[in-house]
Amino acid sequence: MILDEKYNEIRDMVKKFSDSEVAPLAMKIDHEGAIPSELISKLGENGLLGSYVPEEYGGAGMDYMSYSLIVEEISRSCASTGVLISAHTSLGIWPILNFGTEAQKKKYLPKMASGEWIGCFCLSEPNAGSDAGSLTTFAEDKGDHWEINGVKNWITNGKEAGVCIVFAKTKKTPDYKGISAFIVETTNPGFSIIKEEDKLGIRGSSTCQLAFDKVIVPKDALLGEQEKGFRVAMATLDGGRIGIASQALGIAQAAFDYAIRYTTQRIQFGAPLSNLQGIQFMLADMSTKIGASRLLIYHASALKDAGVNYSKESAQAKLFASESAMWVTTKAIQLCGGNGYTKEYPVERYFRDAKITEIYEGTSEVQRMVIAASELKAIH
Ligand code: CAA
């Protein structure tokens with residue numbers, strides 16, 4: 001797929017930033033388990049936190065394709081930083097941009113685009129993961145305000161967030177039908193971080209369990225229509241999944257680039273490893289999976305930018321790119337042998353970081369459910 005020249009320029013610009021500002025910090029971010037606040041500020045200053053926010057709301061006014069390229073290029077250097085951008089932009093900003101009132105857009109988007117307020121998406125709960133519709137957080141109508149009570153799990157950016165998109169039931173139903181969406185500021189009394197998870201990968205990205213204990217929000221904190229919140233969540237995740245696919249692609253590309261460097265420089269049996277056909281076949285399969293992931297991601301992004309339904313295509317992009325990233329990073333360790341298994345080399349980090357892309361924003365099994373439902377609907 002040949003991309004318009006403007007996308008090459010955007011990629012070059014982000015690549016330069018990623019190589020000079022992000023890559024040198026990646027190992028430290030992984031070891032210390034945090035993204036420096038100065039780096040988050042730089043992302044904001046360079047328009048990378050509000051890429052598709054229209055200029056009138058303080059954003060860079062780009063499209064979704066550009067956003068996908070940004071997440072890919074940043075994740076190539078550091079998957080933790082990549083997902084901070086992705087969760088903030090596609091799960092925090094997009095629902096406000098798409099479902100928010102003019103007043104909500106004016107209030108939140110400029111601060112989110114600049115990075116002053118980082119966004120997070122609070123859907124999952126201890127007992128509601130893949131079955132998101134069974135969540136039990138409740139928002140009670142108290143006349144002139146809402147009172148929110150509940151616990152949210154596995155929330156990316158939970159530690160950095162200034163704004164949360166919170167899904168809570170406003171009607172007690174066993175399924176998704178009673179769910180509404182709210183915009184909640186983390187300075188609200190009653191909001192707290194219960195714990196930050198200690199994880200296998202993306203160790204610089206915060207993943208938190210959050211408490212909403214009698215959190216009072218004004219009536220106009222409702223995002224979209226009351227009891228139509230599940231649609232807000234699902235539509236938001238359609239876009240979010242392209243972001244995670246792009247993150248997976250960036251990780252896979254980094255692992256592949258490293259494997260190429262390593263196998264062309266490592267001498268065994270009197271010649272570079274890359275002279276061996278067995279090694280070449282592995283590199284060829286890695287390259288093909290990366291290429292196919294990229295096409296699926298660009299296709300889904302192009303559909304989104306064209307305003308066409310892209311739910312199936314974003315699920316396909318995430319499913320294929322995340323499973324490919326896991327496969328490619330596994331092979332990258334194999335190609336680097338004992339060295340690849342040590343923390344001195346970056347490939348073990350790519351491998352650890354890749355795993356989560358098969359889990360968050362819908363597991364691979366959930367993506368298969370979405371794809372199959374879409375195909376079966378098409379024939380009825
Ligand atoms: N866009 C808009 N609306 C949609 C939609 C979409 N893509 N998909 C479904 N809907 C609507 C349907 O139209 C329906 O609404 P109506 O009844 O009003 O018509 C409603 O949603 C229910 O649809 P389904 O019956 O298809 O939904 P379901 O209950 O069978 O659930 C599911 C299907 C795909 C399994 C869904 O529950 C799901 O995606 N689960 C996974 C959730 C997930 O991805 N969680 C990750 C959270 S984010 C995260 O990981 C943390 C983080 O911080 C990054």
Side-chain angles (χ1 to χ4, degrees), residues 71 79-80 82-95 98-99 118-135 137 151-161 163-167 171 173-181 193 196-197 199 201-202 205-210 224-248 300 303-304 307-316 318-319 322 355-377:
V71 176
S80 293
V83 76
L84 179 134
I85 296 174
S86 180
H88 164 76
T89 317
S90 51
L91 301 186
I93 287 177
W94 191 83
N98 201 59
F99 295 99
I118 294 296
C120 72
F121 183 80
C122 303
L123 177 67
S124 305
E125 297 183 358
N127 296 313
S130 292
D131 183 11
S134 67
L135 64 86
T137 292
V151 172
K152 294 292 179 178
N153 256 36
W154 309 300
I155 309 303
T156 304
N157 295 347
K159 196 172 68 177
E160 296 82 8
V163 181
C164 310
I165 307 298
V166 178
F167 295 89
K171 196 195 260 178
T173 58
D175 58 11
Y176 64 87
K177 294 197 176 104
I179 298 174
S180 303
I193 299 174
E196 188 180 343
E197 306 292 349
K199 309 187 296 292
I202 55 158
S205 158
S206 69
T207 306
C208 300
Q209 187 176 53
L210 304 177
E225 284 178 64
Q226 195 173 327
E227 277 118 45
K228 295 283 182 216
F230 197 65
R231 279 169 178 246
V232 175
M234 292 298 112
T236 301
L237 283 166
D238 281 343
R241 287 166 183 164
I242 301 179
I244 299 306
S246 304
Q247 184 203 20
L303 290 178
K304 183 165 169 65
V308 179
N309 189 303
Y310 63 99
S311 181
K312 178 186 80 178
E313 288 77 6
S314 73
Q316 288 175 328
K318 181 182 181 289
L319 173 64
S322 62
K355 184 60 204 171
I356 190 60
T357 65
E358 292 182 318
I359 298 172
Y360 57 17
E361 299 199 30
T363 60
S364 291
E365 292 67 34
V366 163
Q367 307 313 319
R368 289 185 168 92
M369 286 166 72
V370 171
I371 296 162
S374 164
E375 293 294 1
L376 291 168
K377 201 158 40 178

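Start at 1 and go down the list; that is how both ligands and their atoms are numbered. All of these numbers come straight from a predicted model, not from anything done at the bench. Numbering of residues begins at 1 and proceeds along the displayed sequence.
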Shortest reach to atom 31 (O) of ligand 1 by a heavy atom, considering only F167, Y310, F230: F230
Which residue and atom name correspond to the protein heavy atom nearest atom 4 (C) of ligand 1, and how close is it? M234 CB, 3.6 Å
Please confirm whether F230 and F167 have ring centers closer than 6.0 angstrom. no
Flag: protein heavy atom within less than 4.0 Å of atom 53 (O) of ligand 1: yes
Less than 4.0 Å from atom 6 (C) of ligand 1, is there any heavy atom belonging to the protein? yes
To which protein heavy atom is atom 50 (O) of ligand 1 closest, and what is the distance rounded to 0.1 Å? E361 N, 2.8 Å
Taking the side chain as every heavy atom from C-beta outward, state whether I356 and K199 have any pair of such atoms under 4.5 Å apart. no
Pick one of side chain, backbone, both or neither for how D238 approaches ligand 1, counting any non-hydrogen atom pair under 4.0 Å. side chain
Does the N or O separation between G129 and ligand 1 drop below 3.5 Å for any pair? no
So which atom in S134 and which in N127 form the shortest heavy-atom distance, rounded to 0.1 Å? OG-O, 3.8 Å
Could you identify the single nearest non-hydrogen protein atom to atom 3 (N) of ligand 1 and state the distance to 0.1 Å? R231 CG, 3.7 Å
Check whether any side-chain heavy atom of Y310 lies under 4.5 Å from a side-chain heavy atom of I242, and answer yes or no. yes
Nearest protein heavy atom to atom 51 (C) of ligand 1, by residue and atom, and its distance? W154 O, 3.3 Å
Before giving the answer on side-chain contact (heavy atoms from CB on, under 4.5 Å), spell out for Y360 and T207 the whole-Å C-alpha distance, their side-chain angles and the decisive distance to 0.1 Å. CA-CA 11 Å; Y360 57 17; T207 306; over 6 Å; no
What about S124: any of its N or O atoms under 3.5 Å from an N or O on ligand 1? no
Under a 3.5 Å cutoff, is there a donor and acceptor pairing between the side chains of S311 and D238? yes
Should the heavy atoms of other residues, nucleotides or ligands under 6.0 Å from NZ of K159 be counted, would the total exceed 12? yes
Distance in Å, T236 OG1 paired with I165 CD1, rounded so as to fall on 0.5 Å steps: 7.5 Å
Go through V83 and I244 one step at a time and tell me if the side-chain contact (heavy atoms from CB on, under 4.5 Å) criterion holds. CA-CA 7 Å; V83 76; I244 299 306; 4.0 Å; yes
Atoms of ligand 1, numbered as shown, that sit under 4.0 Å from any heavy atom of V370: 34 (C)
Geometry only, no angles: is Y360 polar-contacting ligand 1 at N/O separations under 3.5 Å? no
So do the side chains of E375 and K312 get within less than 4.5 Å of each other, counting heavy atoms only? yes
Atom 39 (O) of ligand 1: which protein heavy atom is closest, and how many Å away? R241 NH2, 3.2 Å
Does some side-chain heavy atom of L123 sit less than 4.5 Å from a side-chain heavy atom of L237? yes
Of all protein heavy atoms, the one nearest atom 48 (S) of ligand 1 is F121 CD2, 3.8 Å
Could you check which of S130, A132, A235 puts a non-hydrogen atom nearest to atom 40 (N) of ligand 1? S130
With heavy-atom distances below 4.5 Å as the criterion, would you say the side chains of N309 and L303 are in contact? no
Under-4.0 Å heavy-atom contact between protein and atom 37 (O) of ligand 1: yes
Give the atom numbers and elements of ligand 1 that come within less than 4.0 Å of a heavy atom of S311. 7 (N)
Below 4.0 Å, non-hydrogen atoms only: which portion of V83 touches ligand 1? Side chain, backbone, both or neither. neither
The atoms of ligand 1 lying under 4.0 Å from a heavy atom of L91, numbered in the order shown, are 54 (C)
Neighbour count above 12 (heavy atom, 6.0 Å) for Q226 CD: yes
Of the protein's non-hydrogen atoms, which lies at the shortest distance from atom 35 (C) of ligand 1, and what is that distance? M369 CE, 3.6 Å
With side-chain contact (heavy atoms from CB on, under 4.5 Å) as the test, would you mind laying out the steps for H88 and I93 before giving the verdict? CA-CA 6 Å; H88 164 76; I93 287 177; 3.5 Å; yes
Residue, atom and distance of the protein heavy atom nearest atom 14 (C) of ligand 1 read Y176 OH, 3.8 Å
Does any N or O atom in K228 lie less than 3.5 angstrom from one in ligand 1, N or O only? no
Are any non-hydrogen protein atoms located under 4.0 Å from atom 16 (P) of ligand 1? yes
